[in-house]
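This report concerns only the one structure given below.
This structure is a prediction, so every number in the text was calculated from the model and none was measured.
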Amino acid sequence: MKSVRLWFKKEGLARFISHLDLNKVMTLAINRSKIPIWHTEGFNPHPFITFALPLSLGFCGECETMDIRLTDDDFDISLIPERLNGSLPEGIRVYRAAAPKMKPAQISKARYEMKIGADGKSGGEICAEIGSLLNSAEVITRKKTKKGLKDIDLKPYIKEHDLKQDGEFAVLNMTLPAGSVENINPILYLNALKEKTGGEYFYICTRRKIKNENGDDFE
Amino acid sequence: MISKEVEKILLNVQKPGRYTGGELNSVIKDKSSVDVRFAFCFPDVYEVGMSHLGMKILYSLFNEREDIWCERVFAPWTDMEEQMRRHSFPLYALESGDSLDKFDFIGFTLQYELSFTNILYMLELGNIPLLTKDRKDLFNIVVAGGPCACNPEPLADFVDLFFIGEGEEVDLEVIDLYKSCKSNNESKQDFLIKAAQIEGVYVPSLYTVEYNGDGTLKSFTPSHKAPKTVKKRIIKNLDELYYPDNFVVPSIDIVHDRAMAEIFRGCIRGCRFCQAGFLYRPVREKSPEVIDAQCHALCNNTGYDEVSLSSLSSSDYTQIVPLLSRLTEWSADENVSISLPSLRVDGFSDDILSKLKTVRKSGLTFAPEAGTQRLRDVINKNVTESELMSTCSTAFNGGWSTVKLYFMIGLPTETLDDVAGIAQLGQRVVNAYYSAENRPKGKSVRVTLSTASFVPKPFTPFQWFPQDTIEVLKEKQMHLKDSITTKKINYNYHDSSTSFVEAVFARGDRRLGKALLKAHEKGMIFDGWGDYFSLEKWLEVFDECGLDPAFYANRQREFDELLPWDHIDYGIKKSFLIEECKRAYNNETTPNCRQKCSGCGAAQWKEGVCFEKRKTMV
């Protein structure tokens with residue numbers, strides 16, 4: 001039995017597939033492509049798939065990963081991406097298969113790009129609003145935790161970021177804590193912005209990188 | 001592809017995956033290279049509509065043709081509706097993202113009466129004028145089919161033409177006629193008049209209706225040479241019938257997310273409450289080789305690891321054991337499980353049980369339908385209590401410890417003793433568990449009793465029967481609840497007020513079109529969902545339209561009354577239904593089609609069970 005890590009993109013309309021449903025989509029694709037995947041041995045055997053870091057509903061991802069185990073050690077894993085891609089819905093594409101080098105628990109941060117737009121506002125105006133938000137002494141918003149809603153200050157988390165205008169959009173790139181220890185969802189910044197200005201925004205958020213503590217890509 | 005503008009609003013709705021399209025196996029064509037665009041509309045949410053086998057079959061069948069592009073449309077949930085209205089986005093089809101008013105045909109499947117308001121809701125959201133008479137051009141033709149088309153009258157004001165019976169052939173004939181009328185620049189009226197000549201097509205606007213002083217029908221008169229009665233269509237040979245080897249695979253979780261294969265159409269039983277049992281006669285089977293190949297192809301092409309064998313009563317399939325043997329040859333190796341819904345109490349043999357157990361163990365559900373033998377005889381549910389007990393014992397000895405039993409309340413001739421009989425039957429099933437020697441050790445038994453309220457339907461021997469009033473139904477529910485004395489029995493029941501409105505529309509006439517329109521104006525949608533159904537609002541609607549709902553639901557009809565669906569012919573003779581009705585009131589049963597032909601009229605098609613050799617004859 002060998003473990004394989006698969007990297008895939010989730011873009012366009014596929015960003016509206018939830019994490020739970022993604023598991024189903026991948027299971028069906030694997031069944032269909034006849035990859036010799038290991039099945040769990042419980043009461044209801046099913047293909048064993050684990051995702052390193054769930055992606056929020058509505059987000060695109062460029063370096064998402066899932067791990068599977070193969071029952072056939074001689075199976076050529078380089079065949080997997082092409083086989084799976086014929087069985088996946090629009091917007092999900094597997095582009096790499098390799099033996100895993102890191103454990104999902106080593107994930108500590110992620111890089112996001114958030115394109116923010118608003119009806120009736122130019123990219124420049126939105127940039128100005130975001131700039132003023134991030135320059136405040138503190139950026140308070142409410143975050144759902146296991147113990148209920150809690151106020152948090154987002155200011156300390158946003159060390160690495162840049163902000164630029166792209167036509168009608170403001171584009172905010174930022175690196176935030178991610179993983180099982182501490183996870184800050186970039187949508188919180190948008191929530192803070194909404195609270196501050198009272199305006200309505202739409203966004204396309206893309207997770208571009210997943211990294212360990214040293215800043216190395218998750219491999 | 002849906003537009004970028006729609007993508008923006010999807011961030012603000014629950015389950016946005018309902019509205020995106022782009023699923024595996026969905027069909028994209030170049031709209032400039034097709035002649036006919038067909039919007040297949042399911043008047044409920046995506047998860048319900050995508051579970052429907054009929055839609056899958058017709059979607060694939062239409063798209064096999066190069067000149068047709070069939071797309072899917074579902075009713076948006078209210079959060080999406082709000083967003084669509086706020087941003088003025090019309091209702092669109094999932095494949096192209098084009099709004100309904102871009103389509104040649106807008107076709108609805110009529111699965112249950114309480115979805116009628118959603119039809120108007122979808123038309124309006126799609127910018128289609130609601131009334132047939134307001135759509136003047138040979139374009140945006142609104143068509144409908146499915147079981148509720150058997151009494152099309154409540155929808156007569158809105159739908160241009162109905163398909164009566166099985167759709168696989170007649171749908172394409174109508175599409176071809178449309179193509180030729182279109183190329184000859186003919187009018188919509190010309191098209192409809194010609195369409196009415198096709199067997200299985202009903203064009204309501206070609207008929208005029210007159211009423212008697214007491215509100216009953218006086219006459220039904222065709223014009224433009226439309227037939228006096230419209231005869232249903234059936235498919236004669238199911239083995240040769242087109243069946244898709246591929247389904248659209250939803251990317252989000254839906255109600256029935258699995259491969260499905262039809263094993264036969266029709267039902268031999270003739271339970272007197274069951275409309276499907278009469279509409280789909282005669283029974284026609286598919287052969288095991290064909291079903292096996294279809295299941296295997298579907299699993300391979302979709303990746304599903306579950307196949308459901310679909311029919312009205314799976315254990316009545318004569319080849320069930322050979323079929324299961326064939327299926328289990330590959331299913332276990334490929335981790336595919338087989339599920340067999342609609343098992344009859346008397347069809348649950350050790351043989352079937354062991355085949356099903358090789359893969360996955362699902363819940364057990366049986367439908368005795370009534371609590372006492374007398375009442376089961378009235379409804380012709382030819383299942384005895386000892387059969388139920390032996391089946392439950394088999395299941396308990398085979399490791400099961402939960403059983404669900406389905407019943408109806410409000411059946412003709414029912415007394416409170418019959419209702420209490422349901423609780424007593426449940427108690428005896430509990431007892432059967434504790435006397436089963438090989439029952440799961442250390443586990444308690446759970447018996448769930450479920451009751452639905454009986455809704456009399458057209459084309460059944462009970463089509464003349466007055467439905468119990470809501471009050472009586474509630475009283476019966478409480479009586480049953482009080483008759484249960486053990487905590488091992490769970491009781492749940494369906495809301496009787498929805499059954500009341502269902503009964504109004506099931507046997508309604510054209511005048512109910514007004515009520516649907518009024519309900520639509522009041523914003524009533526999703527009546528099949530408890531969250532949105534409101535009896536109060538419906539009573540208000542009927543009142544404002546000057547209609548008495550009790551006239552439709554709770555009135556005893558006479559055998560000689562002209563019924564709103566009498567001009568629709570499902571091949572079952574009215575005289576047969578009258579005889580069946582009389583036998584019901586005498587507690588007399590009728591043998592099933594395999595035991596003895598009871599002369600219902602379905603033999604006219606010279607197919608299926610009517611021409612099988614009966615065991616008694618061999």
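- Few gaps surround CD1 on A:I140; more than 12 heavy atoms of other groups in view lie less than 6.0 Å from it.
- Using a 4.5 Å heavy-atom threshold, the side chains of B:P250 and A:K24 count as touching.
- Between chain A and the residues B:V249, B:T302, B:D253, the most heavy-atom pairs under 4.5 angstrom are made by B:T302.
- Side-chain atoms of B:K8 never come within 3.5 Å of backbone atoms of A:Y203 as a donor-acceptor pair (strictly under, hydrogens ignored).
- Other residues, nucleotides and ligands place more than 12 heavy atoms under 6.0 Å from the NZ atom of A:K211.
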Quiz item: Under the salt bridge (charged side-chain N to carboxylate O under 4.0 Å, His left out) criterion, do A:E200 and B:R86 qualify, and how do the steps go?
Solution: CA-CA 14 Å; A:E200 275 199 49; B:R86 173 136 48 109; 3.7 Å; yes
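- Other residues, nucleotides and ligands contribute more than 12 heavy atoms inside 6.0 Å of the NZ atom of A:K2.
- Heavy atoms closer than 4.5 Å to chain B are found in the backbone of A:L88, but not in its side chain.
- Residues A:I17 and B:S251 come closest through the heavy atom pair CD1-CB, 3.5 Å.
- With rounding to the nearest 0.5 angstrom, the CD1 atom of A:I30 is 12.0 Å from the CG atom of B:D305.
- Judged by distance alone, the side chain of A:D21 and the main-chain N or O of B:I252 form no donor-acceptor pair under 3.5 Å.
- More than 12 heavy-atom neighbours from other residues, nucleotides or ligands sit within 6.0 angstrom of CD on A:E182.
- With rounding to the nearest 0.5 Å, the separation of CG in B:L11 from CZ in A:F59 is 9.5 Å.
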Quiz item: So B:Y304 and A:N31, side chain to side chain contact (heavy atoms under 4.5 Å, CB included) or not? Walk me through it.
Solution: CA-CA 7 Å; B:Y304 279 125; A:N31 286 344; over 6 Å; no
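- Annotation for A:L28 and B:G303: closest pair CD2-O, 3.2 Å, computed over non-hydrogen atoms.
- Interatomic distance, OG1 of B:T20 versus CD of A:E90, reported as 8.5 Å (0.5 Å rounding).
- By the 6.0 Å contact criterion, NZ on A:K209 is open, its count of non-hydrogen atoms from other residues, nucleotides or ligands being 12 or less.
- Here the CG atom belonging to B:N300 is positioned 4.0 Å from the NZ atom belonging to A:K34, to the nearest 0.5 angstrom.
- Within the 4.5 angstrom heavy-atom criterion, atoms from both the backbone and the side chain of B:E7 approach chain A.
- Near-neighbour residues of residues 163-178 of chain A relative to chain B, defined by a heavy atom under 4.5 Å from a heavy atom of that chain, are none.
- Of the listed residues (B:D257, B:N25, B:I9, B:N12), the greatest number of heavy-atom pairs within a distance under 4.5 Å of chain A belongs to B:D257.
- A 6.0 Å sphere centred on NZ of B:K404 holds no more than 12 heavy atoms belonging to other residues, nucleotides or ligands.
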